[in-house]
Amino acid sequence: MTVINTVASLVVEDGIGILSINYPPVNALSQSVREGLVQGMRAANADPAVKAVVLICEGRTFLAGADITEFGKPPRAPSLFEAQDEIEGAAKPVIAAIHGTALGGGLEVALCCHYRVAVPSAKCGLPEVHLGLLPGAGGTQRLPRIVGAERALEMVTGGTHVGAAECLAMGLVDELVPADGLRAGAIAFARKVLAEGRPLRKVRDADDKLAAARGKPEIFAEFRKANARKFRGFLAPEYNIRCIEAAVNLPFEAGQREERRLFTELVTGAQSIAQRYGFFAERMAQKIPDVPADTPTVAVAKVGIIGAGTMGGGIAMNFANAGIPVTLVETNQAALDRGLAVVRRNYENSAKRGRFTMAEAERRIALLTGSLDMNSLADCDLVIEAVFEEMAVKKDIFAKLDRIVKPGAVLASNTSALNLNEIATAVLRPEAVVGMHFFSPANVMRLLEVVRGDKTSKTAIATAMQIGKKIGKVAALSGVCPGFIGNRMLAARGAQTQAMLLEGVMPWDIDKVLYDFGMPMGPFAMSDLAGLDLGWSRETSKSSTIRELLCERDRRGQKTGAGFYDYDEARNAKPSEVTRQIITDFVAQQGRQPRAISETEILERCTLAMINEGAKILDEGIAIRASDIDVVWVNGYGWPVYRGGPMHHADHIGLAEVVAKLKAYGPLMGPDFTISPLLERMAAEGKKFTA
Ligand code: 3H9
């Protein structure tokens, strides 16, 4: 064996050179890996005993992409292009042996190999778009030469990981090898290439797939149109599209120059900086300083959920999707039947849309069992309570669970705002009680707020975090306070939007500003969707708020066809004259003078109030770190990922500027408003929330 450098080695076995990379955890293409590839390929090329080369990785995956931590730093030789040139220009066939994930720069390296083999579990993809980037090492030029422009457009703008079988069908992979035989399979394939005298196939020279798209600009126009909503606000999808257009219309070198130019623009731009920050923020959120990675966890083989409403049903689907059986408990048969029927319909709709087969839908549904008896939860490893937000009801349920569920199980509440410590007083094992706050729709939204009570054990926290990852959620830890991280900041924003209504701004004006900022919908459209009558009753309503006035007129949101907005049959919202009048009258009645408020003021009061509340949350230790707050807002509330999150946004503005503006707006922000001392201190010291 020849040691090439600290991460690469070359072994020659009967004419086949095996160039192996070992750079845990994911074989990212950092300087040492690039160096290993360049030197390893040179050594293999120079060795007459080597007739063909297999490029393989050790550990859990093939090269998973460029080293994201290197972006924004001065480049270190050799470049990825040098490594690619050594491979593509080799005088001997080079075969990529893929397992795990060949992503981004990793797939771009594999695309420079003359052939690719993979194990059935392997996945390939160009996920750069999720980092606000495009594949900058020839990926946008080589991929469409194999899979065609249309499929390439989907892959680069969707950033999806494509399974090996599909890669084989598309020609991205030449052969599948047995799961436990990657190395042997790749060597056998290399021998076949030699024996059959197959050519040194260079993807860059292929043209037939591109020719099919040439002179058809409508392919791109239609793709842009079909995805306009999805891509709204993002730069990277459009830049990726332009690169595929360049691949179709320009010679390879010119296309690659265009790719380089656009990549450079993105990598230095604010959006990609925010999205790369988000990537690491999500992973950082998993790490809890006093709950080390080796903390014992409860193996969750069976889950119980109390409440088969929208929330409970959605939560149950997450577990069934991950193959974990769930028992759903309700108080009466009708509610249980309704809940299970909704879940069934959701699965069937997904199957109809082609997300999985009907058989798969049935397999998932079969993992759900309904019950009217809490005793059926006795052998669950994790029970999640998802009933309505009333402390007495929750405490009663927990007291019962305490008597029923086996020792060692984790008892979770899906409460979105109630005091978890008080819930925990209902049981004799408060250490087992943890918050697992899912977001609606729970089978779709990625965020899981894990709430740590005063007595919650490290095992309960570690279990909640770990199972969260297993069911595909992004988990972030919060301490106990009203609303936890997310809803507490939402309330701070809500105070401003309500205050602005009373200053005479219309709901749709506020919604528009936040929508244009990149939120999926404004707060008033969101209220209409959720229902204005949540927590409202006709008996106690006193016409004392705009919401009460709307509810009293039966304007209770989308479900009644009217709320802040008017809705047509297709639930399209339209600003409402009735609402305008209600607000105008109410403002006059309060003896207030309506005033015109600029879009800048609307945006700043909303976002700065959130930042200020975030700083308080940080100061009180409710959030461990500022980036966790951003993880919550991006994944649970639709804060645009290309703006990083409220705390990242604060750094982007500059904390001194944030404080100055908050002081200027101060008198308008309400009698309860105070500036966070931490925010003021950090601003004075010239600090940032996020590193
Ligand atoms: C690119 O390639 C640009 C090129 O086109 C052009 C260049 C010119 N770099 O996610 P995990 C770390 S852009 C550095 O928990 P999993 C990660 O931070 C790149 N570090 O594991 C974590 O560290 P820690 C295109 C990376 O098994 C640890 O590895 N590629 C990178 O759940 C484990 O990560 C991508 O976008 C990286 N590229 O998932 C792929 N990747 O332990 C990004 C990971 O300290 N990566 N780390 O917290 C992924 O999608 C997932 O990590 C992967 C594994 C699926 C590979």
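First listed ligand is number 1; within each ligand, the first listed atom is number 1.
- Distances below 4.0 Å separate heavy atoms of Thr101 from the following atoms of ligand 1: 56 (C).
- Looking only at side-chain heavy atoms (C-beta outward), Thr157 and Ile241 come within less than 4.5 Å of each other.
- Nearest protein neighbour of atom 50 (O) of ligand 1, counting heavy atoms only, is Leu103 CD1, 4.0 Å.
- When heavy-atom distances to ligand 1 are checked against a 4.0 Å cut-off, Phe62 has no atom that comes that close, whether in backbone or side chain.
- The shell of residues lying under 4.0 angstrom from ligand 1, judged by heavy atoms, includes Phe279.
- Asp290 has a carboxylate O that lies under 4.0 Å from a charged side-chain N of Arg452, or vice versa, which qualifies the two as a salt bridge.
- At a heavy-atom cutoff of 4.0 Å, ligand 1 is contacted by no atom of Leu29, backbone or side chain.
- Under a 3.5 Å cut-off, the side chain of Asp630 and the backbone N or O of His648 do form a donor-acceptor pair.
- Note on Glu88 versus Arg204: salt bridge recorded, some NZ/NE/NH1/NH2 to OD/OE distance being below 4.0 Å.
- Between the side chains of Lys473 and Asn318, at least one donor N or O lies within less than 3.5 Å of an accepting N or O.
- Counting only heavy atoms from C-beta outward, the side chains of Val156 and Leu134 never approach each other to under 4.5 Å.
- If you number the atoms of ligand 1 from 1 as listed, the ones under 4.0 Å from a heavy atom of Phe280 come out as 18 (O).
- By the 4.0 Å N-to-carboxylate-O rule, Asp628 lies close enough to Arg625 to be salt-bridged with it.
- Near Leu131, with a cut-off below 4.0 Å to any heavy atom, the atoms of ligand 1 are 13 (S), 19 (C), 36 (O).
- Between Arg257 and Glu253 no salt bridge is recorded (no basic side-chain N to carboxylate O distance below 4.0 Å).
- Here Arg201 pairs with Asp174 in a salt bridge; the nearest charged N to carboxylate O distance falls below 4.0 Å.
- Counting protein heavy atoms under 4.0 angstrom from atom 53 (C) of ligand 1 gives zero.
- Contact annotation: for Asp67 versus ligand 1, heavy atoms closer than 4.0 Å belong to both the backbone and the side chain.
- Considering only non-hydrogen atoms, atom 15 (O) of ligand 1 lies nearest to Lys469 out of Lys469, Gln286, Lys123.
- For Pro127, every heavy-atom contact with ligand 1 shorter than 4.0 Å involves the side chain, none the backbone.
- Comparing Ala66, Gly65, Ser79 against atom 38 (N) of ligand 1, the shortest heavy-atom distance belongs to Ala66.
- For atom 23 (O) of ligand 1, no protein heavy-atom neighbour is found at a distance under 4.0 Å.
- Counting the atoms of ligand 1 from 1 in the order shown, those under 4.0 Å from a heavy atom of Glu108 are 4 (C), 5 (O), 6 (C).
- Atoms of ligand 1 found under 4.0 Å from any heavy atom of Pro25, numbered from 1 in the order shown, are 28 (C), 29 (O).
- Heavy-atom proximity to atom 33 (C) of ligand 1, evaluated over Arg60, His130, Lys287, His161, is greatest for Arg60.
- You'll find the ring centres of Phe439 and Tyr637 inside the 6.0 Å limit.
- Atom 41 (N) of ligand 1 has Val26 CG2, 3.5 Å as its closest protein atom, hydrogens excluded (heavy atom only).
- Between Tyr642 and Phe234, the ring-plane angle classifies as perpendicular under the 30° and 60° cut-offs.
- Using a non-hydrogen distance threshold of 4.0 Å, Pro135 registers as a contact of ligand 1.
- Ranked by closest heavy atom to atom 5 (O) of ligand 1, the top entry among Glu128, Glu282, Gln84 is Glu128.
- The parts of Ile68 lying near ligand 1 are both backbone and side chain, judged by heavy-atom distances below 4.0 Å.
- Where the criterion is an N or O separation shorter than 3.5 Å, residue side chain and backbone included, Arg283 meets it with respect to ligand 1.
- In terms of the side-chain contact (heavy atoms from CB on, under 4.5 Å) criterion, residue partners of Leu103 (sequence neighbours excluded) are, by chain and number, Thr101, Pro127, His161.
- Remark: Arg242 does not engage Glu259 in a salt bridge, criterion side-chain N to carboxylate O under 4.0 Å.
- Closest heavy-atom approach to atom 40 (C) of ligand 1 within the set Ala285, Gly106, Ala64, Ala28: this belongs to Ala64.
- Heavy-atom proximity to Gly104, at under 4.0 Å, picks out these atoms of ligand 1: 2 (O), 25 (C).
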